Amino acid sequence: VAPAAAQPSADDIAKARAEIGAQGRQVVLAAGRLARQKGFDVLFEALIGLRGRGLEPVLALAGDGPMAGQLASLARQTELAVRFLRHRADVPALLGVADVVVVPSRWEGQPLIVQEALRAGRPIVASKVGGIPDLTGEDGALLVRAGVPAALESALAAVLSDPSLAQSLGAAALARAGMLPSEADAADAAIAGYARMAADAGRGPA
């Protein structure tokens, strides 16, 4: 369960927007460890494809990891507008800036950024892998096949070019957030699990 976060102030969001330097362009937010699992190389290919559709958003990429140098080199070679933000403690403010949150992972558990984006009511485009569909449900995000740049490109283009779709996805995300378990729910489930294990151990082998 993602820990509850305070709502960012208008000043917090303005500061994050200024740092990203979008200058009137749309902002795509991605966050996570810069490793192959997270599929950010696939995202870069999708962003290149968006140019052919007349869409050139700024990618705000929060995180660090072993692929940082490779991704920075790719951004220079392709002249993509990418802001490498490294590790951040102000994700709620970044979410306030984002026009869409993208989670292009090749495989996943239940990523915190999806939960945070749902709570912030942001439009989400994500890979249909691991626990992501369980978090978003059918309506809380546009889910695409993992590792396929064209699928990711099409979903991002749909959100970035259609304000009504973006608005409906944001509203659905916020509604879905209300169904997420709380920290207390997670703690109760863990305690119940340990209690079952202890009871099974006490009974011994069948």
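Because the structure is predicted, anything quoted here is derived from the model rather than measured.
Considering all non-hydrogen atoms of both residues, L135 and R176 come closest at O-NE, 2.9 Å. Shortest non-hydrogen contact noted between L169 and D139 is CD2-O, 3.9 Å. Taking both residues in full, the closest heavy atoms of A158 and L165 are given as O-CD2, 3.6 Å, listed atom of the first, atom of the second, then distance. For the residue pair V159 and P123, the shortest heavy atom distance occurs at CG1-CB, 3.9 Å. Nearest approach of L152 to P104, heavy atoms of both residues: CD2-CB, 3.8 Å. Taking all atoms of both residues into account, the shortest heavy-atom contact from A173 to G140 is CB-O, 4.0 Å.
The shortest side-chain heavy-atom distance between L80 and L59 does not fall under the 4.5 Å cut-off.
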Quiz item: Can R51 and E79 be said to form a salt bridge (Lys or Arg N to Asp or Glu O under 4.0 Å), step by step?
Solution: CA-CA 11 Å; R51 287 174 171 167; E79 299 183 343; 5.5 Å; no
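Using a 4.0 Å cut-off between charged side-chain N and carboxylate O, E108 and K128 make no salt bridge. Taking the charged nitrogens against the carboxylate oxygens, R17 and D12 have no contact shorter than 4.0 Å, which rules out a salt bridge.
Among pairs with a residue in residues 152-172, those fulfilling salt bridge (charged side-chain N to carboxylate O under 4.0 Å, His left out) read R53-E153, at least two apart in sequence or across chains.
Interatomic distance, K38 NZ to L43 CG, rounded to the nearest 0.5 Å: 13.5 Å. Interatomic distance, CD of Q37 versus CZ of R106, reported as 10.0 Å (0.5 Å rounding). Atoms NZ and OG, on K15 and S9 in that order, are 10.0 Å from each other to the nearest 0.5 Å. Separating the CZ atom in R122 from the CD1 atom in I113 is a distance of 11.5 Å, to the nearest 0.5 Å.
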Side chains of residues 68-76: which donor-acceptor pairs under 3.5 Å do they make with residues two or more places apart or in other chains?
| residue | atom | partner | partner atom | Å |
| --- | --- | --- | --- | --- |
| S73 | OG | Q77 | NE2 | 3.1 |

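A donor-acceptor pair under 3.5 Å links the side-chain atoms of R83 to the main chain of I20, judged by distance alone.
With sequence neighbours excluded, no residue forms a side-chain hydrogen bond (donor to acceptor under 3.5 Å, both in side chains) with Q26.
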